[in-house]
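Take a look at the structure set out below.
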Amino acid sequence: MDIPRIFNITESAHRIHNPLTPEKLATLGAALRLESGALVLDLGSGSGEMLCTWARDYRITGVGIDMSQLFTEQAKLRAEELGVADRVEFIHDDAVGYVADEKVDVAACLGATWIGGGVAGTIELLAKSLRSEGIILIGGPYWLRLPPTQDVAKACFASSISDFLMLPELLASFGDLDYDVVEMVLADQEGWDRYEAAKWLTMRRWLKANPEDDLAKEVRAKLILEPKRYAAYTREYLGWGVFALMAR
Ligand code: SAH
């Protein structure tokens, strides 16, 4: 079981697989006023940077589930490196339908809301693992500026404009689901650059090391097209944020 191999290639050197910087991730942890020993569940935990650094900085305990074998391995190594392997556990598995045995204080899904079939479904799934008065974290995109055409939306890797909302509408949509938005930390262009531009050097080096690989042509094409596509579209039109929610 694994995610499509292209992501394991392009994001192999990422610690954070979303446009938040390490500083913003720390800001988010501080903003949540996490108590020592708080239990955090992370669906689609990637390389584990959120749980590992929060375990180090705020002394949380955590469980992360991710379908990438590579990222899960990296998460375990990171936990050892930061000396928190006794407080965080990383499970290589499909997180679809995952409900924790023990109720958690914070239930998160950052950049992987397809796990619950979209934002609303993911909130519903996370809520099943959450203690009363616990906090749900949803990380995902919104339109910074409304794309003028469907082609512009597609160039941002949306299937259509209606995939995402503008920030005010997104915040209001959480209310429609009967949740209060109690905090948010938003990515900025610098964070997008760290997430997207970091893939380019990774791709360049991977191509040098794997010229005969089945995916070499695809990666080469991506490396040629991505910088311009990213600068023209994602960087200009797409916002990204983490929203902290509590049930009304
Ligand atoms: N939350 C992490 C990773 C976001 S990238 C971070 O912000 O750094 C999306 C992640 O979802 C990837 O790590 C990918 O491996 C994982 N993923 C994709 N489908 C999944 C599934 N069905 N179950 C669990 N993880 C999944």
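Whatever order the structure lists them in is the order used to number ligands and atoms, beginning at 1. If you read the sequence from its start, that first residue is 1, and numbering goes on from there.
A donor-acceptor contact closer than 3.5 angstrom is absent between the side chains of D66 and S45. Looking at E11 and H17, their side chains do bring a donor and an acceptor atom within 3.5 Å of each other. A donor-acceptor contact closer than 3.5 angstrom is absent between the side chains of S47 and R78.
K103 contributes a side-chain N or O that, together with a main-chain N or O of K128, makes up a donor-acceptor pair within less than 3.5 Å.
Closer than 4.0 angstrom to ligand 1 by heavy atom are I3, I16, H17, N18, G44, S45, G46, D66, M67, S68, F71, D93, D94, A95, V96, L110, G111, A112, W114, I115, sorted by chain and number.
Between W54 and Y58, the ring-plane angle classifies as perpendicular under the 30° and 60° cut-offs.
In this structure D163 satisfies the salt bridge (Lys or Arg N to Asp or Glu O under 4.0 Å) test with no other residue, sequence neighbours excluded.
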